[in-house]
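Nothing fancy with the numbering, it's 1 onward along the sequence.
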Amino acid sequence: MTEQIRNQNTRPIRRTVNELTSQTEIETCLRTVRTGYLGLQDNEGMYVVPLNFVWHNESLYFHGSSEGRKTDALAQQEAPVCFTAVEDWGTIAHPIPAHTSTAYRSVMVFGYPEKVESLKEATEALQAMLGKYVPGYYSSTLASSHVDKYRSSLGSPTSVYRITPLRMTGKINPIHPGQMFYPGRTIQDDRKLE
């Protein structure tokens with residue numbers, strides 16, 4: 001993805017010191033975070049759904065039932081969605097309360113969700129997802145026939161969606177060695193080090 005597309009129509013990050021500009025690091029975040037959050041708007045209001053997902057072939061893929069609020073909201077979506085992935089690395093302790101913070105890396109992906117109609121592409125995306133969440137568990141690859149025939153416990157087939165990014169933004173607040181909070185750490189411990 002080119003820098004031009006990645007930054008298209010993006011409001012600048014106010015604290016540029018936290019901006020994540022490395023495409024490699026953005027993609028690493030998307031490959032390693034286990035749960036992402038899809039923000040949608042429907043006639044009932046805002047709807048943010050936690051999802052398993054995979055970053056594959058420069059697109060973000062997720063799946064779900066072919067029925068329900070998420071599916072209905074995706075079908076009505078007229079504006080780009082926002083998908084957020086966050087790695088929480090812990091709390092940064094500081095003797096001044098206002099300087100206590102969180103170490104993290106996050107990425108926001110903006111784009112239009114598209115239902116994947118190709119069984120081959122859907123199977124490939126689901127195989128990539130299995131490779132992310134249970135690497136090496138299965139001895140053979142996922143069969144397209146399994147994807148085609150699968151039904152949930154409520155009887156609905158699985159739908160796979162793709163978000164090809166219009167733009168992506170990232171932020172990072174790195175781990176601060178020696179300042180990370182752990183249970184039992186107190187301000188008195190930090191004052192002894194001064």
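Residue Leu130 is not grouped with residue Tyr150 when hydrophobic side chains (ILVMFWY) are merged at heavy-atom distances under 4.5 angstrom, including chains of intermediate members. Residues Val86 and Ile92 are members of separate hydrophobic clusters, defined by side-chain heavy-atom contacts under 4.5 angstrom among Ile, Leu, Val, Met, Phe, Trp and Tyr. Under the 4.5 Å side-chain contact rule for hydrophobic residues, Phe110 and Met46 do not share a cluster. At a threshold of 4.5 Å between side-chain heavy atoms, the hydrophobic network of Ile, Leu, Val, Met, Phe, Trp and Tyr places Tyr47 and Leu51 in one connected group. By the rule that hydrophobic residues join a cluster once side-chain heavy atoms approach within less than 4.5 Å of another member, Tyr37 and Val109 end up as members of separate clusters.
Of the residues Glu19, Glu87, Glu27, the one that meets the salt bridge (charged side-chain N to carboxylate O under 4.0 Å, His left out) test with Arg105 is Glu87. The only option from Val81, Thr164, Leu38 that meets the side-chain contact (heavy atoms from CB on, under 4.5 Å) definition with Pro113 turns out to be Val81.
Here the shortest heavy-atom pairing between Gly39 and Val48 reads CA-CG2, 4.2 Å. Closest non-hydrogen pair, Leu20 versus Ser106, comes out as CD2-O, 4.1 Å. Across Met180 and Arg185, no two heavy atoms sit closer than the pair O-NH1, 2.8 Å. Between Pro174 and His176, the closest heavy-atom pair is O-CD2, 2.7 Å. Nearest heavy-atom pair, Asn52 versus Phe62, reported as atom, atom and distance to 0.1 Å: O-CB, 3.6 Å. Pairing each heavy atom of Ser66 with each of Ser156, the nearest pair is OG-CB, 3.7 Å.
Atoms CD1 and CZ, on Ile26 and Arg31 in that order, are 12.0 Å from each other to the nearest 0.5 Å. In this structure, Thr158 OG1 and Lys149 NZ are separated by 15.0 Å, a value rounded to the nearest 0.5 Å. Note that CD of Gln179 is 9.5 Å distant from OG1 of Thr100, once rounded to the nearest 0.5 Å. Annotation: the span from Leu126 atom CG to Leu142 atom CG amounts to 6.0 Å, rounded to 0.5 Å. With rounding to the nearest 0.5 angstrom, the CG atom of Leu40 is 9.0 Å from the NZ atom of Lys70.
In this structure, Ser59 and Tyr61 have side chains that are in contact, with non-hydrogen atoms separated by less than 4.5 Å. Under the 4.5 Å side-chain criterion, counting only non-hydrogen atoms from C-beta, Val107 is not in contact with Thr169. With a 4.5 Å cut-off on side-chain heavy atoms, Val116 and Tyr161 do not count as touching. Looking at Glu121 and Arg162, their side chains come closer than 4.5 Å, going by heavy atoms from C-beta outward.
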Leu166 and Tyr112: CA distance, side-chain angles, deciding distance, side-chain contact (heavy atoms from CB on, under 4.5 Å) verdict: CA-CA 8 Å; Leu166 294 173; Tyr112 291 95; 3.6 Å; yes
Worked check of side-chain contact (heavy atoms from CB on, under 4.5 Å) between Arg69 and Asp42: CA-CA 9 Å; Arg69 183 175 179 185; Asp42 67 8; 2.7 Å; yes
Thr28/Trp55 under side-chain contact (heavy atoms from CB on, under 4.5 Å): CA gap, chis, key distance, verdict: CA-CA 9 Å; Thr28 297; Trp55 177 253; over 6 Å; no
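Proximity of a side-chain donor or acceptor of Lys132 to a complementary backbone N or O of Val33 within less than 3.5 Å is detected. Not a single donor-acceptor pair under 3.5 Å links the side chain of Asn173 to the backbone N or O of Tyr104. Under a 3.5 Å cut-off, the side chain of Thr71 and the backbone N or O of Ser65 do form a donor-acceptor pair. Side-chain N or O atoms of Gln127 include none that pairs as donor or acceptor with a backbone N or O of Thr141 at under 3.5 Å.
Asn57 and Glu124 share a donor-acceptor pair across their side chains, judged by distance under 3.5 Å alone. Side-chain atoms of Thr102 and Thr91 form no donor-acceptor pair, as typed in the model, at a separation below 3.5 Å.
Other residues, nucleotides and ligands contribute over 12 non-hydrogen atoms within 6.0 Å of the OH atom of Tyr182.
Between Phe83 and Phe53, the distance separating the two ring centers is shorter than 6.0 angstrom.
In this structure, Arg34 is not positioned above the aromatic face of Tyr133 in the sense of NZ or CZ being under 6.0 Å from the six-membered ring centre and within 45° of the axis.
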